[in-house]
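Structure, as C-alpha cells:
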Amino acid sequence: MIRVFALLAAVVTLAASTTLANRVLPGWAYPVCGLVAAAVLVALARAAGLSWSDLGLRSFRRPALAGLAGAGLVAVVFGIALAVPSLRTVYQDGRVGTPDFGQLLWLTCGRILFGTVLIEEVAFRGVLPALLGARDDRWRWLPILGAAALFGLWHFLPALAIGRNAAVHAVFGSTPAVVLQVLAMAAAGVAGIFLHWWRHAGRGVLASVIVHFTTNAGGLTLAVLVR
C-alpha cells in the first residue's frame, strides 16, 4: 500500500513540477524546480522502502562507462547530421533563438542538465520504474512501458511548440496542432524506452543521464550552429 501511495504522490509531484516550470516560474527557477522535484521523488521512493540500487543511484563506474559509450554514438549521429546539408533542417528550430556563448552555457549546463535531464532521469528511469516493479537483473516490460507512458504525458506542455521545428513543419505542416502534440508525446514515450535501455545496460541512472544530456545539449548546440 505504501508503494501505491508513493507512486500517486510522485505523479502529483511531477504534474505540479511541469506546470510550475512551464507556466508559472521565471526562467531562472526552472533548474531549481527540477532539483527540488527530484529530491522529493527520491525521498518518496526511499520512504516506500526502495534501496539506492532499486533507484539506480548506488553505483557510478559502470553507468558512467555505458553512458559515455552512448554519448559517443549520439555524437556520431550529430556529426553526420552536421555534415549532410539535407539533414540540417532537423535542427532548425524556432524555439532556439540566437543565444550567445554565455546564454548557451546556461541553457545546456543549467536548464537542460538540472531542469530537464536530472529530474526526468531520476523520475522516469529511476523512481517510477522502481515503484512499478522494474529490476536491473531482468528486463520487465510492464513497469518500463508504464514509466515510458508517463514520460510521454510529462511532455504534454512542451509538445505544444513542436510545430516550430523546421523539419516537423515541413513534414506535418498541415497537421492539426493537437495531433502533432499527441505524436510528440508518443515519440517521447518511445525515447523513454530507449533511455531506460541505457539505464538497464549500465545498471544505473547515470548512464541514461549522460545519453540524455548529450542528446539534448548537443541538439541545442547544433540548432544554434545551423540557424
Side-chain angles (χ1 to χ4, degrees), residues 18 21-22 27-28 30-31 34 63-122 124-125 148 151-152 154-173 175 177 180-199 201-202 205-227:
T18 190
N22 289 283
W28 63 265
Y30 186 80
L65 292 175
L68 290 173
L73 292 175
V74 172
V76 169
V77 172
F78 282 158
I80 294 172
L82 193 59
V84 180
S86 61
L87 297 178
R88 292 180 186 175
T89 56
V90 174
Y91 300 98
Q92 293 175 1
D93 198 318
R95 296 169 293 179
V96 172
T98 55
D100 58 27
F101 178 76
Q103 291 170 326
L104 182 61
L105 193 63
W106 155 248
L107 290 171
T108 54
C109 297
R111 284 183 61 91
I112 288 178
L113 179 57
F114 294 106
T116 300
V117 173
L118 185 65
I119 174 60
E120 291 183 353
E121 294 312 308
V122 167
F124 299 101
R125 259 65 67 184
F151 187 54
W154 164 265
H155 286 81
F156 177 83
L157 293 176
L160 290 171
I162 191 66
R164 296 174 65 183
N165 178 277
V168 172
H169 181 74
V171 176
F172 301 101
T175 304
L180 281 181
Q181 185 183 19
V182 171
L183 290 175
M185 290 190 294
V190 173
I193 298 173
F194 171 80
L195 286 166
H196 193 95
W197 185 90
W198 284 104
R199 177 258 153 96
V205 167
L206 181 59
S208 55
V209 164
I210 294 173
V211 174
H212 194 165
F213 175 73
T214 304
T215 302
N216 284 31
L220 174 61
T221 302
L222 276 182
V224 172
L225 291 175
V226 304
R227 70 181 187 276

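Position 1 is the first residue of the sequence, and the numbers go up from there.
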Checklist entry - So, does Thr116 use its side chain to make a donor-acceptor pair with the main chain of Leu113 at under 3.5 Å? => result no

Next on the checklist: I want to check something: taking the side chain as every heavy atom from C-beta on, are Trp198 and Ile210 in contact at a cut-off of under 4.5 Å?
Outcome noted: no

Checklist outcome for this item: CD of Gln103 to OG1 of Thr108, rounded to nearest 0.5 Å, is 11.5 Å

Checklist outcome for this item: Residues Ala71 and Thr214: closest non-hydrogen pair is CB-OG1, 3.3 Å

Checklist entry - If you round to the nearest 0.5 Å, how far is CH2 of Trp106 from CH2 of Trp28? => result 9.0 Å

Checklist entry - Atom CG of Leu73 and atom CG of Leu68: how far apart are they, to the nearest 0.5 Å? => result 11.5 Å

Checklist entry - Where do Phe156 and Met185 come nearest, in terms of heavy atoms and distance? => result CA-SD, 3.5 Å

Checklist entry - Roughly how far, to the nearest 0.5 Å, is CD of Glu121 from CZ of Phe213? => result 12.5 Å

Item to check | Nearest heavy-atom neighbours spanning Gly202 and Ala207 | outcome: CA-CB, 4.2 Å

Next on the checklist: Can you confirm whether Asn216 sits close enough to Leu220 that some side-chain heavy atom of one is under 4.5 Å from a side-chain heavy atom of the other?
Outcome noted: no

Item to check | Spacing of OG belonging to Ser208 relative to CZ belonging to Phe194, to within rounding of 0.5 Å | outcome: 10.5 Å

Checklist entry - When rounded to the nearest 0.5 angstrom, what is the spacing between CD1 in Ile112 and CG in Leu104? => result 8.0 Å

Checklist outcome for this item: On a heavy-atom basis, the closest approach of Gly34 and Ile119 is O-CB, 3.7 Å

Next on the checklist: Do His212 and Arg199 have side chains that approach each other closer than 4.5 Å (heavy atoms only, starting at C-beta)?
Outcome noted: no

Checklist entry - What pair of heavy atoms forms the shortest contact from Gly110 to Pro31, and how long is it? => result O-CB, 3.5 Å

Next on the checklist: How close do Ala188 and His155 get, counting heavy atoms only, and between which atoms?
Outcome noted: CB-ND1, 3.6 Å

